[in-house]
Each structure stands twice: as C-alpha cells, then as structure tokens.
There are 2 protein chains.
Amino acid sequence: MSNQELVVLGRNDETDACCPGLLTAPLDEDQAVELAKVFKALGDPVRLRLLSMIASRAGGEVCVCDLTPAFDLSQPTISHHLKLLRQAGLIDCERRGTWVYYWLLPEMTDRLASILTRPAAEPLPDRAATATAS
Amino acid sequence: MSNQELVVLGRNDETDACCPGLLTAPLDEDQAVELAKVFKALGDPVRLRLLSMIASRAGGEVCVCDLTPAFDLSQPTISHHLKLLRQAGLIDCERRGTWVYYWLLPEMTDRLASILTRPAAEPLPDRAATATAS
DNA sequence: ATGTTGTATCGACGGACATCAATGCAACCC
DNA sequence: GGGTTGCATTGATGTCCGTCGATACAACAT
C-alpha cells in the first residue's frame, strides 16, 4: 500500500544535516528537487484543507468517510489528493475493517517549519533595521 | 513594478489572526486558496534554489545577473520564476541603474514557518482516552 | 454466494504550467 | 544619435495536473 514515499524525512543525517534550511545556504539541486515535491503537495487548496482537517483532529486520526463529504468533489478526487499527500510524506494511513484512517506525520511538517525558519541571532546589519530608533 | 502581490502577509489580523496555523484548526476555503498560492510558488526546484540563493546572500540582495548563470535555463525562464516568487510575496526587487536586485521578504517565510509549527505544549490526551464513543 | 458499502485505481479530458525564441524596454557608452 | 548590455514580456509548444465517470477491490451483512 505504501512503498514509494519520499525519503526527505530524517534518516539521512548527513546529506542535509538537521537544520541548515533554505534561507542560510544555497540549496543544491537534489535537495531542491526533493523539497519541491513536498511543497508542491501543499500547493493545492483541497490538499491544504485535507491536511488541516487531518492534523487538527483531536484523536489524531480521521476516517476518509469524514473527509469526503466536506468537499464538493468526487470521491476519487479526494482519494487522489490523499494519495499525493501520503507520497509527499505528510500523512500516512491504515485500513481498519471497512474504513481507512489517515493521520499526520509531524516529522515532515516540523522539518518544513525548521527549513523555513531563519537563524534567530543573525547579525543582520542591513537595511531592515535602519529606521528603528528605540 | 509591484502592485498585485498577495495579501497573505500580516496586516489583516482579524481573518486569520497571527498563528492558528493549519495544524490546529481546519483551514477555511479562502485561507486555503491564499496559502496554496504561496506553497505552489515553492513547489518548483528552480524557484526553491532561486529563493535559497537570494535569502542566503550576505548583503541581503542579489543581482539577477548573478542568478541567471547558475542555471541551465534561458534568461526569460529565470525571469518568469522570479516573477512568480515576487507575486507570492516571498521576494521583492528594485531596479538600480542597469541592474535589478532581489531580496527576501522574511515576513512571508516567517508566516509559513509558524503556520507549519504545531503548538508546543499541547496536552495531547490522544487516542487512549477517547474510548468513550457510544 | 450474493448484495452492499467504503475506498482505491484507471482512462480520459480540459486547463494550468515550465520552457523557449523572439521581441520590447530601460539604462548605459561611444 | 546609434550601439550594446541587462532584464521583462509575448506567443507558442509540450507536459503536467485536477477532475470526473467507470470500474476494481476490500470488508462486512444477509
């Protein structure tokens, strides 16, 4: 059911370490290709809402039967979007009896957040702070 | 030069406040549409590398003439990608004499990072305690 | 076994997107 | 002025992607 997910998650603590992240050093092409796949998965309103519904669920899991009726889209379309989110490593799922449940993989969102976070204590001598007097 | 950028940046501290963010409450459709535009802009390896090169630049600015030769792509293509990043509110630019300089708008990346950050100290009673269904 | 319900996959179609060559425009230099 | 360089825009083209109906598959009910 799931065998070709992206390998952008931790594990390879050598190629990109844990937190150099996009804003501090020029991304090499391989890293850019992998990262772009994840961001592309987030680049659709339906998938963003799906992810949000899954992530904000109290129990941590959502049944597909609760997701599908929230959209004006066909059931195959929702299934397609869930598949893309899963291939991006953002969620995972499990069949339990008749129903299939999805949950968030917080490792990926954590990784994206840290990638987008600039180093806190940068000297930052440039233009941005030129007008502040206090 | 720049007049139709997205309005996802702060400013409207009422519609979505400052930090509810994607993982805690179901995104409504309008928010999802706006957010998806930004993530879509990040969903391309070339644009990710461009953004990374711009953001990690010491002086805070990069001349287009330094960006274009770093890719095996035509000059119009690079210009096109820079335009998309700018329309997403991730960067801005200014012409200075013969050359055009681009710089990062950290408000947007900061916003994305906070949106992807889950609340640190959530009680997280999760699945074990929710067995009282019917 | 047969039927029913929940979910995934397939094939097709229309629109969106990445890319290019050609061209336009702005700023410099002679 | 005319020529040159840096960058943006235009128009065209091939590919990708979101969507659907039809269908297949899995689990349960009878």
Side-chain angles (χ1 to χ4, degrees), chain A residues 1-6 29 32-33 35-51 53-54 61-88 90-103, chain B residues 1-6 29 32-33 35-51 53-54 61-88 90-103:
Chain A
M1 196 172 192
S2 65
N3 57 351
Q4 57 164 351
E5 293 177 359
L6 295 180
E29 184 160 353
V33 168
L35 246 190
K37 292 178 186 172
V38 186
F39 281 125
K40 189 177 299 182
L42 294 175
D44 180 276
V46 175
R47 289 195 291 271
L48 274 184
R49 288 181 62 203
L50 282 170
L51 186 72
M53 293 174 69
I54 294 171
E61 297 180 339
V62 192
C63 176
V64 175
C65 61
D66 289 332
L67 296 173
T68 305
F71 298 84
D72 274 341
L73 293 170
S74 69
Q75 174 268 322
T77 298
I78 299 299
S79 189
H80 168 68
H81 285 306
L82 288 171
K83 182 180 184 179
L84 292 187
L85 286 172
R86 196 162 56 79
Q87 290 178 335
L90 287 159
I91 60 177
D92 202 357
C93 66
E94 179 187 15
R95 172 162 222 130
R96 205 171 307 147
T98 304
W99 294 278
V100 176
Y101 294 87
Y102 281 80
W103 59 85
Chain B
M1 197 169 192
S2 64
N3 58 350
Q4 57 166 351
E5 293 176 0
L6 295 180
E29 184 159 353
V33 168
L35 246 190
K37 291 179 186 173
V38 186
F39 281 125
K40 188 177 299 183
L42 295 175
D44 180 275
V46 175
R47 289 195 292 271
L48 273 183
R49 288 181 61 202
L50 283 169
L51 186 72
M53 293 174 69
I54 294 171
E61 298 180 339
V62 193
C63 176
V64 175
C65 61
D66 289 332
L67 295 172
T68 305
F71 297 84
D72 273 342
L73 293 170
S74 70
Q75 174 268 322
T77 298
I78 300 298
S79 189
H80 168 68
H81 285 306
L82 288 171
K83 183 179 183 179
L84 292 186
L85 286 172
R86 197 162 56 80
Q87 288 178 336
L90 287 160
I91 60 177
D92 202 357
C93 66
E94 179 188 16
R95 172 163 223 129
R96 205 171 305 146
T98 306
W99 295 278
V100 176
Y101 294 87
Y102 281 81
W103 59 85

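Letters go in sequence order (proteins before strands), and every chain restarts at 1.
Ranking D:dC17, D:dT9, C:dT19 by closeness to the B:K83 side chain, first place goes to D:dT9. Among the nucleotides D:dG6, D:dT9, C:dT9, the one closest to any side-chain atom of B:W99 is D:dG6. Candidate nucleotides C:dG6, C:dA18, C:dT19 were compared by shortest atom distance to the side chain of B:V46, and C:dT19 ranks first. Here the side chain of A:V100 is nearest to one of D:dA8, D:dG18, C:dT7, namely C:dT7.
Summarising the geometry, atom CG belonging to A:L48 is positioned 11.0 Å from atom NE2 belonging to A:H81; distances are rounded to the nearest 0.5 Å. Separating the OH atom in B:Y101 from the CD atom in B:E94 is a distance of 10.0 Å, to the nearest 0.5 Å.
Under the salt bridge (charged side-chain N to carboxylate O under 4.0 Å, His left out) criterion, B:R47 pairs with no residue at all, not counting sequence neighbours.
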Check against side chain to side chain contact (heavy atoms under 4.5 Å, CB included), A:M53 and A:F71: CA-CA 12 Å; A:M53 293 174 69; A:F71 298 84; 3.9 Å; yes
Verdict with reasoning, B:L82 to B:I54, per side chain to side chain contact (heavy atoms under 4.5 Å, CB included): CA-CA 10 Å; B:L82 288 171; B:I54 294 171; 4.0 Å; yes
Taking protein heavy atoms under 4.0 Å as touching, what does nucleotides 20-28 of chain C look like 5' to 3' if B marks base contact, S marks sugar-phosphate-only contact and - marks none? BBB----SS
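Among pairs with a residue in residues 63-75 of chain A, those fulfilling side chain to side chain donor-acceptor pair (under 3.5 Å) read A:R57-A:D66, A:S74-A:T77, at least two apart in sequence or across chains.
Whole-Å rounding puts the B:D66 CG to D:dG6 P distance at 11 Å. Residue B:L50 contributes atom CG, which lies 14 Å from atom C1' of D:dC7 at whole-angstrom precision. As a whole-Å value, the separation of A:R86 CZ from C:dT7 P is 14 Å. D:dG18 atom P lies 14 Å from atom CZ of A:F71, rounded to whole Å. Atom pair A:L85:CG and C:dT7:P shows a separation of 16 Å (rounding to whole Å applied). Rounded to an integer number of Å, the gap from B:K40 NZ to D:dC17 P is 11 Å. For the pair B:H81 NE2 and D:dC7 P, the interatomic distance rounds to 17 Å; values are reported in whole Å. The interatomic distance linking A:I78 (CD1) with D:dG21 (P) rounds to 13 Å, in whole Å.
Contact annotation for A:L67: no contact, since no heavy-atom pair falls under 4.0 Å across all strands.
For A:Y102, a side-chain nitrogen or oxygen approaches OP1 or OP2 of C:dA8 to under 4.0 Å. Between C:dG6 and A:Y101, no contact under 4.0 Å exists linking OP1 or OP2 to a side-chain N or O.
A:L90 places a side-chain heavy atom less than 4.5 Å from the side chain of A:L42.
Between B:V64 and A:L84, the residue whose closest nucleotide on DNA chain D is further toward the 5' end is B:V64.
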